[in-house]
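One structure is given below, encoded as structure tokens.
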Amino acid sequence: MQITDDLSKLLHILPEQIRSSLEKHPQQESLIEVVMDLGRLPEARFPNKAEYLGETPVSKEDINYCIQRVGLFSGDNRAGIERTLHRISAIRNRTGDIIGLTCRVGRAVFGTIAMIRDLVETGNSILMLGRPGVGKTTALREIARVLADELHKRVVIIDTSNEIAGDGDIPHPAIGRARRMQVARPELQHQVMIEAVENHMPEVIVIDEIGTELEAQAARTIAERGVQLVGTAHGNHIENLIKNPTLSDLVGGIQAVTLGDDEARRRASQKTVLERKAPPTFEIAVEMLERHRWVVHESVSDTVDTLLRNRKPSPQVRTVNESGHVTITRELPEVAPKLASSLQTPESAPNVRGWRSSGQMQPMPVSKAEIKIRPLADEFGEENSFEQLLDSSWHQQDIYAREHEISGPNGEDLPLHVYPYGISRQQLDQVIEVLNLPVVLTKEMDNADAVLALRSHVKNHSKLRHISKARHIPIHSIKASTIPQITRSLRRMLNMDDSGVGETTDLRLFSHNGSEDEIEALEEARLAVEQIVIPKGQPVELLPRSPKVRKIQHELVEHYHLKSTSFGDEPNRRLRIFPA
């Protein structure tokens, strides 16, 4: 690899005492950034450590010295040095004065995309993911140069902060023949993306840091016009994008779908499942775990579909050694343990439930030769599909070791397997996790020790009552899907004491996202109940809160077996808690 960093130009803008310390430093070539905060010691950061530069704190004069030698700071508080790739980012106080600088070294590394050179040449859109500092922008810059100079394509770079092609009107030579469009303000990035396609006839658009919903929509528009996209996004893995409502459209978007009874039974899933909404904007995704180790998802659509079905994808893992040799391996799902469990008969399997426990369903014996061949068959579609269906029919080993199991209230083994019906899965998981209950949720009634359902659903669903009676599975019903009622019902199933509320209440049980506003409101309600309502028998009015926060306050009050009402008009609507 060939590295160009123009480090002397960055050192030139630094005050004399800091510059002289860095010029003498033995690890100068691996410098990542220099941090200067008012009133603190200047700091140099390297890949594996950080060091102070001298013993004199940074003064206002030092910061002004740097500011006078760099370009203007844009709307995202970034500036640069003309004809270099260095980036100077500012920290301002409340009045707008700069009180801190992060001077980051920009390097052009030629040959850094050897690991994915074949993917770049396919013409498919590529999305780069990774944590800050892993080299996303460096790789983006090199991809633009290869596409423009070696593959002779019309490449336009949307350079929002002048980080890809450097500061100034003349772009850095590291991007080759690729053209660069600057962005006046960061919030206009999506408009410049569309403008580039409409005005300059590009074959490839290169964009760094897709971070807003408008930019994600602009990226989809560009991809649908037949233009190859190469971009980066916030997140370490594809799972991060799936869970991010702002950027999920980059991988096709996620929607909830209600299945029919037959389809839900065929899939062995709940009736409401998550599915991909549309084709992904980027056909290929690259997770940059380390500088020399990348995980490649050759088909983003297949990866997303696999993840939404609670299965583990099998992406490529590409590494490069010091001599530049690229090694490609594949992370296969763990098949051997499943095959091993399928060899067990009902008598030898320790935790067999359902039809297998009665001897009505027994797996056919599998030869050792077949076990060796099956993992290789995962590479092929038909064989893989059959294997997945087959594996899902065999009972899998419980995650709890047998030696740690104890008996439940009716003699069943713990953990208690509960089949939820009409109850929020998120609330159930939250109660089980926070209270550390020995409960496992199951999607199959054959594996269930008990059913937890809404009272209205049990009343109107005769089939559920009939199946439970035939298989001797008790049904526990609750009036509403709230945290207190779910908690009390699970504790009763486990034969745990639920007579009072004297023990300390874990506020995480009622908090939805753990925000400071929610925790503060829950703590206010808890103190009001425990210090005034219960001991003194007096009603209490709480501070005004949003409807979402008031809802979790109501649930907390219900946990204490008390009643509460909301009164007043927005935005001053608040809770009033009454004694028992």
With rounding to the nearest 0.5 Å, note down the distance linking [atom1] in [X] to [atom2] in [Y].
X: Leu147; Y: Arg177; atom1: CG; atom2: CZ; result: 11.5 Å
X: His86; Y: Leu11; atom1: NE2; atom2: CG; result: 8.0 Å
X: Ile164; Y: Leu85; atom1: CD1; atom2: CG; result: 10.5 Å

Is the closest side-chain donor-acceptor distance between [X] and [Y] under 3.5 Å?
X: Glu287; Y: His237; result: yes
X: His25; Y: Glu51; result: yes
X: Gln316; Y: Glu298; result: yes
X: Ser161; Y: Arg78; result: yes
X: Thr232; Y: Asp208; result: yes

Under 3.5 Å donor-acceptor, [X] side chain and [Y] backbone:
X: Arg276; Y: Ala278; answer: yes
X: Arg330; Y: Ser314; answer: yes
X: Glu203; Y: Arg154; answer: yes
X: Asp249; Y: Gly253; answer: no
X: Gln228; Y: Asn124; answer: yes
X: Thr84; Y: Gly80; answer: no
X: Lys136; Y: Gly130; answer: yes
X: Gln28; Y: Glu23; answer: yes
X: Arg293; Y: Thr319; answer: no
X: Ser125; Y: Leu229; answer: yes

Is the closest side-chain heavy-atom distance between [X] and [Y] below 4.5 Å?
X: Leu101; Y: Ile91; value: no
X: Glu195; Y: Met193; value: no
X: Pro315; Y: Val296; value: no
X: Leu289; Y: Trp294; value: no
X: Ile242; Y: Ile254; value: yes
X: Asn244; Y: Asn240; value: no
X: Asp6; Y: His172; value: yes
X: Leu10; Y: Cys103; value: yes

Electrostatic pair [X]:[Y] at N-O distance under 4.0 angstrom:
X: Glu121; Y: Arg117; answer: yes
X: Asp97; Y: Arg92; answer: no
X: Glu150; Y: Arg145; answer: yes

Shortest non-hydrogen contact from [X] toward [Y]:
X: Leu127; Y: Ala233; result: CD1-CB, 3.9 Å
X: Ala165; Y: Ile175; result: CB-CD1, 3.8 Å
X: Ala196; Y: Pro202; result: O-CD, 3.3 Å
X: Arg141; Y: Ala174; result: CD-CB, 3.7 Å
X: Leu556; Y: Arg526; result: CD2-N, 3.8 Å
X: Ser89; Y: Phe73; result: C-CE2, 4.4 Å

Query - Set of residues satisfying side-chain hydrogen bond (donor to acceptor under 3.5 Å, both in side chains) with respect to Glu61, sequence neighbours excluded - result: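 side-chain hydrogen bond (donor to acceptor under 3.5 Å, both in side chains) check on Glu61 returns Ser59.
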In terms of heavy-atom contacts, does [atom1] of [X] have more than 12 from other residues, nucleotides or ligands at under 6.0 Å?
X: Asn321; atom1: CG; answer: yes
X: Arg19; atom1: CZ; answer: yes
X: Lys243; atom1: NZ; answer: no

Report task. Just jot down the salt bridge (charged side-chain N to carboxylate O under 4.0 Å, His left out) partners of Asp167, sequence neighbours excluded, or say none. Result ->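 For Asp167 there are no salt bridge (charged side-chain N to carboxylate O under 4.0 Å, His left out) partners, ignoring immediate neighbours.
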Report task. State which residues pass salt bridge (charged side-chain N to carboxylate O under 4.0 Å, His left out) with Glu524; sequence neighbours excluded, sorted by chain then number. Result ->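 For Glu524, the residues satisfying salt bridge (charged side-chain N to carboxylate O under 4.0 Å, His left out) (neighbours in sequence not counted) are Arg545.
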